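A quick note: this is a predicted structure, and the numbers were derived from the prediction, not measured. Counting starts at 1 for both ligands and their atoms, following the listed order. Heavy atoms only: backbone and side chains are in, while hydrogens, waters and symmetry mates are out.
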Amino acid sequence: MRHLMSPLDFSVEELDRLLDLAHDIEKNPDKYAHLCDGKRIATLFYEPSTRTRLSFEAAMMNLGGKVLGFSSADSSSAAKGESVSDTIRMVSCYADICAMRHPKEGAPLVASMVSSIPVINAGDGGHQHPTQTLTDLLTIRSLKGRLDNLTIGLCGDLKFGRTVHSLIEALVRYENVSFVLISPEELRVPDYIREDVLEANHKNYKEVIRLEEALPHLDLLYMTRVQRERFFNEEDYIRMKDFYILDKAKMALAPDDMLVLHPLPRVNEISTEVDSDPRAAYFKQVQYGVYVRMALILTLLEVNVC
Ligand code: NCD
């Protein structure tokens with residue numbers, strides 16, 4: 001039985017197969033409409049979510065399956081003090097697979113150790129968010145046609161932004177991918193990403209503070225929200241929150257074929273005037289998230305798709 005804790009749990013070849021499957025699902029949805037008839041996914045969300053939880057649920061429904069779960073820690077037995085390990089033992093009796101989001105780094109991993117059903121990490125604290133990365137990879141591959149030979153700017157809260165950590169880990173495995181890390185000094189990527197991921201893989205990267213400086217050189221700009229819930233004090237958040245605002249004037253500095261991605265939710269970091277720019281791909285990204293989660297559910301449940 002397999003779980004998904006980090007994008008590295010799949011080899012590059014396995015990822016290719018998963019993205020091919022997601023692509024086929026996009027083109028031929030009817031072929032997949034009953035492959036999970038009688039199966040259930042449990043969504044165990046101890047932290048707020050809109051897209052991730054709903055897209056797991058939509059993905060299972062599109063496959064003919066059913067969903068159950070909870071959307072906040074307060075409405076689960078966690079509020080009574082139940083451990084994640086006990087909860088997952090229970091959930092294994094009700095569902096065939098589960099997706100867990102938790103504010104504590106490593107909680108889904110702890111769950112996977114005692115679970116008798118596949119566990120998917122749907123975001124653990126400021127650590128990892130592998131299914132957002134699958135979404136990002138499918139979006140990039142579908143809209144850019146490749147995952148290699150890219151210069152990618154990642155902008156915003158690179159310290160606490162788990163989507164950024166997972167995406168960098170996944171992309172260092174492709175040829176000739178360079179990174180421009182755009183953040184204020186206080187929100188730079190954690191040392192383990194810089195040293196154990198970028199440097200250990202001999203990747204070309206630079207860290208800059210000004211978005212304007214990076215924009216003309218990018219194939220892709222990945223914007224992120226400042227992660228308010230991970231700050232120790234509100235004043236620091238208020239100081240940082242509007243550090244970057246991508247607007248029409250800044251988009252004029254970017255190449256005509258640069259894509260703008262964002263895992264969403266957006267706060268102020270992308271002005272709504274950018275939404276109508278053909279380079280804005282963040283709403284398309286949401287749709288790709290459903291296809292890739294369908295592919296993931298089929299893969300982890302080992303459903304024969306031929
Ligand atoms: C992201 C997350 O939860 O880390 N959202 C998402 O799942 N699409 C990004 C964020 O909350 O800023």
- Closest protein heavy atom (residue, atom, distance) for atom 3 (O) of ligand 1: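 The protein heavy atom lying closest is Arg162 NH2, 2.9 Å.
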
Which residue and non-hydrogen atom of the protein lie closest to atom 8 (N) of ligand 1, and at what distance in Å?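 The protein heavy atom lying closest is Pro263 O, 2.8 Å.
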
Worksheet item: Does the N or O separation between Glu229 and ligand 1 drop below 3.5 Å for any pair?
Response: no

Does [X] come within less than 4.0 Å of [Y], counting only side-chain N to carboxylate O?
| X | Y | answer |
| --- | --- | --- |
| Glu269 | Lys241 | no |
| Arg89 | Asp86 | yes |
| Glu26 | Arg141 | no |
| Lys31 | Asp24 | yes |

With heavy atoms and a 4.0 Å threshold, my read on which part of Leu264 contacts ligand 1 is backbone

Atoms of ligand 1 less than 4.0 Å from Gln227 heavy atoms?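 Listed by number with element, the hits are 10 (C), 12 (O).
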
Worksheet item: In terms of atom number and element, which parts of ligand 1 are under 4.0 angstrom from non-hydrogen atoms of Arg225?
Response: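 It comes down to these atoms of ligand 1: 10 (C), 11 (O), 12 (O).
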
Does Glu47 come within less than 4.0 angstrom of ligand 1, counting non-hydrogen atoms of the residue?
-> no

| Heavy atom of Gly123, distance to ligand 1 below 4.0 Å | no

When the ring planes of Tyr46 and His102 are compared, do they come out parallel, tilted or perpendicular, using 30° and 60° as the limits? tilted

On a heavy-atom basis, the closest approach of Ile41 and Phe56 is CD1-CD2, 3.9 Å

